[in-house]
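Okay, so here's the structure we're looking at.
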Number of protein chains: 2
Amino acid sequence: MQNKQILVVEDESAIRDMLRFALERAEFRLALAANAQEARLRIAEARPDLILLDWMMPGLSGVEYAKELKNGATTKDIPIIMVTARAEEEDKVRALNIGADDYVSKPFSFPELIARIQAVLRRSMPGGVEERLAVAGLEVDAASQRVTARGEPVKLGPTEYRLLHFFISHPERVYTREQVLDRVWGQNVYVEERTVDVHIRRLRKALQPYGYDNMIQTVRGTGYRFSDKV
Amino acid sequence: MQNKQILVVEDESAIRDMLRFALERAEFRLALAANAQEARLRIAEARPDLILLDWMMPGLSGVEYAKELKNGATTKDIPIIMVTARAEEEDKVRALNIGADDYVSKPFSFPELIARIQAVLRRSMPGGVEERLAVAGLEVDAASQRVTARGEPVKLGPTEYRLLHFFISHPERVYTREQVLDRVWGQNVYVEERTVDVHIRRLRKALQPYGYDNMIQTVRGTGYRFSDKV
DNA sequence: CAGTTCGGTTAAAAACTTGTCACATTTCTA
DNA sequence: TAGAAATGTGACAAGTTTTTAACCGAACTG
């Protein structure tokens, strides 16, 4: 599985489904939004690695929303690929001027789309968001993809890493297993909800030697919460 | 294979292809960009040894971009050769005034181009940044292109050397195989991703006698990372 | 031009991940 | 407090990724 998450912002459900199909085949994790408003929520929750943004949308248009994204401190580094029905050069220039990273016009071939996504991801990664999340001596560094507990490196599997990364990015907030699956595994990936429990367990176990295991708290009847307060 | 990487910044794809052909034949590693914006990304990613810059480009022109480069702290030392359609003396003077290192006008012969590139590289090299990278007793000296482990010379093949040089220049950061290929082998070189693994293996083997082999760490599911922390 | 080094590829072996299950333990509620 | 519900735990089998060794042709070296 690719470990990149892509947020698709597209109002037409037919196209959304098509994109979903293509991106899933290419093994991206994905998140879907029908409009800018939904997209905002998704971004706040899951931090997508790339946004596929429809040029025209009811409400806040894709262009306007792209501007908003590129102005936001936390969102300006998320690469954007604009998707449009019109294949006009003018639009392309406009898209790039706003700060979009690439531009595809419908109809596009899936391989082309995937190739462009890969290219943008490749490009944006090294200079990418220098994330360094730390809570009470527990540090998650996105660049090195490493977790350290009071300076000591903690050994985690890929899923454990993503799980911790997700939780430490959203402290003090309860998530249901379903939500965790959506955010960490990707939407519409079918795995048992109990799988979350097992991975939580593994993560806790890995953090135990450093005394950080109780930061992932069980909220009985709901799900889990990350917090440094006991 | 030459181990110099050249960044070609040129909007016309025909000329870009021509240059690619010529430079690849001359065995340079190369990176391509269609405009200044792309070029910025490429420079951030791969640190080219020389930039071939088109005089006229849509958006930020070659001239303006050259200025930008020569003002940037990290980029001011990368030599620039301006490429232009007009063979006017005036332009040449202007180019050199900006800080470009040389100037070729279309149409140019490939041998001439190559010769100029070689000349500029030769010139810029000795005065170039005397790189001496060292981490925890492992030292890579760019000038002599030699690696020493606690003073002991380490025998490495050219590719192993470049690989180590790349990794030691970017510690604490994960790179995918694809990124490593782009940056160590050069873009648009087609080799299997597994090749990276094999060379990593060879490098580790060479470093093993000195106990430095575990500095190149596997990040399962992603790629590799260089780090002195275990 | 013979021997050596070098680089890319391949395939099999080894190492590690991961989803799920079955059972244990805890917590809640009637 | 008994029983139900929710969560924790260890083990496993399948799948995936990485390591390793071996091969081969091309490029170098003497």
Side-chain angles (χ1 to χ4, degrees), chain A residues 1-3 26-27 29 145 147 153-166 174-182 184-186 188-208 213-226, chain B residues 1-3 24-27 29 145 147 154-167 174-182 184-186 188-208 213-226:
Chain A
M1 198 213 282
Q2 279 257 11
N3 63 358
E27 306 197 338
R29 284 173 16 246
Q145 228 173 91
V147 174
V154 181
K155 218 190 145 212
L156 296 180
T159 308
E160 279 128 73
Y161 172 81
R162 285 211 309 278
L163 193 56
L164 176 57
H165 184 277
F166 167 66
V174 187
Y175 289 93
T176 66
R177 290 166 230 291
E178 199 188 354
Q179 288 173 323
V180 172
L181 282 177
D182 271 10
V184 178
W185 272 252
N188 54 49
V189 170
Y190 176 68
V191 284
E192 291 293 322
E193 292 207 338
R194 293 302 309 276
T195 299
V196 175
D197 299 46
V198 176
H199 278 275
I200 289 279
R201 150 86 174 140
R202 287 173 180 160
L203 184 50
R204 279 176 176 157
K205 211 170 183 178
L207 295 176
Q208 202 165 35
D213 55 315
N214 52 14
M215 277 189 155
I216 300 167
Q217 295 156 5
T218 305
V219 181
R220 186 160 242 265
T222 310
Y224 298 93
R225 168 183 54 211
F226 181 91
Chain B
M1 194 208 280
Q2 281 258 9
N3 63 359
E24 270 176 9
R25 271 192 55 121
E27 306 197 339
R29 283 168 22 242
Q145 232 174 88
V147 175
V154 181
K155 213 192 149 208
L156 295 181
T159 307
E160 279 128 73
Y161 171 80
R162 284 213 309 280
L163 193 56
L164 177 57
H165 183 275
F166 167 64
F167 269 110
V174 188
Y175 290 93
T176 65
R177 288 160 235 280
E178 200 186 356
Q179 289 173 326
V180 172
L181 282 177
D182 270 10
V184 177
W185 272 252
N188 56 47
V189 170
Y190 176 68
V191 284
E192 290 291 321
E193 293 205 338
R194 294 258 139 271
T195 300
V196 175
D197 300 44
V198 177
H199 279 275
I200 289 278
R201 150 97 173 129
R202 288 172 179 161
L203 183 50
R204 278 176 177 158
K205 215 169 182 178
L207 295 175
Q208 201 165 35
D213 55 314
N214 53 13
M215 278 188 156
I216 300 166
Q217 295 157 6
T218 305
V219 181
R220 190 162 244 264
T222 309
Y224 298 93
R225 167 183 55 210
F226 181 92

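Quantities reported herein were computed from a predicted structural model and do not represent experimental measurements. Naming convention: chains lettered A, B, ... in sequence-line order (proteins, then strands); numbering from 1 in each chain.
- From B:Arg220, atom CZ reaches atom CD of A:Gln145 across 13.5 Å, with rounding to the nearest 0.5 Å.
- For B:Arg204 and D:dT20, the CZ to P distance is 7 Å, given to the nearest whole Å.
- Residues B:Tyr224 and B:Val180 form no side-chain contact, since every pair of their non-hydrogen atoms from C-beta on lies 4.5 Å or further apart.
- Rounded to a whole Å, the CG atom of A:Asp197 is 16 Å from the P atom of C:dT18.
- Looking at heavy-atom distances under 4.0 Å, A:Tyr224 makes contact with sugar-phosphate atoms alone, never a base.
- Rounded to whole Å, atom C1' of C:dG7 lies 14 Å from atom CG of B:Leu203.
- Remark: C1' of D:dA6 and CD of A:Gln217 are 17 Å apart, rounded to the nearest angstrom.
- With values rounded to the nearest 0.5 angstrom, B:Leu163 atom CG is found 4.5 Å from B:Ile200 atom CD1.
- Residue B:Lys205 places at least one side-chain N or O under 4.0 Å from the OP1 or OP2 atom of D:dA21.
- Looking at heavy atoms from C-beta onward, B:Glu160 lies out of side-chain contact with B:Leu164 at the 4.5 angstrom threshold.
- Rounded to a whole Å, the CD1 atom of B:Ile216 is 15 Å from the P atom of D:dT18.
- Contact annotation: A:Thr218 side-chain N/O to D:dG8 OP1/OP2 distance is under 4.0 Å.
- Distance A:Arg177 CZ to C:dG19 P: 15 Å, rounded to the nearest Å.
- Atom-to-atom distance recorded for B:His199:NE2 and B:Leu181:CG is 9.5 Å, nearest 0.5 angstrom.
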Polar atom pairs between nucleotides 20-22 of chain C and protein, under 3.5 Å, N or O only, would you list them?
residue: C:dT20; atom: OP2; partner: A:Glu192; partner atom: N; Å: 2.6
residue: C:dT20; atom: OP2; partner: A:Thr195; partner atom: OG1; Å: 2.8

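- Nucleic acid contact for A:Val219: sugar-phosphate only, since backbone atoms but no base atoms lie under 4.0 Å from a heavy atom of the residue.
- Contact annotation: B:Thr159 side-chain N/O to C:dG7 OP1/OP2 distance is under 4.0 Å.
- Atom pair B:Arg225:CZ and D:dT18:C1' shows a separation of 15 Å (rounding to whole Å applied).
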Got a list of protein N/O to nucleotides 13-16 of chain C N/O distances below 3.5 Å?
residue: C:dA15; atom: N3; partner: B:Arg220; partner atom: NH2; Å: 3.2
residue: C:dC16; atom: O2; partner: B:Arg220; partner atom: NH1; Å: 3.4

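- Between the side chain of A:Arg162 and the backbone N or O of A:Val184, at least one donor-acceptor pair lies under 3.5 Å.
- Side-chain contact between A:Glu192 and A:Tyr190: present, with at least one pair of heavy atoms (C-beta onward) separated by less than 4.5 Å.
- Between A:Trp185 and the phosphate of C:dG19, there is a side-chain N or O to OP1/OP2 separation shorter than 4.0 Å.
- Here A:Leu207 contributes atom CG and A:Leu156 contributes atom CG; the two are 6.5 Å apart, rounded to the nearest 0.5 Å.
- Looking at B:Thr218, B:Asn214, B:Asp213 one by one, the single match for side-chain hydrogen bond (donor to acceptor under 3.5 Å, both in side chains) with B:Arg204 turns out to be B:Thr218.
- Taking atom OH on B:Tyr161 and atom C1' on C:dG7, their separation rounds to 19 Å, with Å as the unit.
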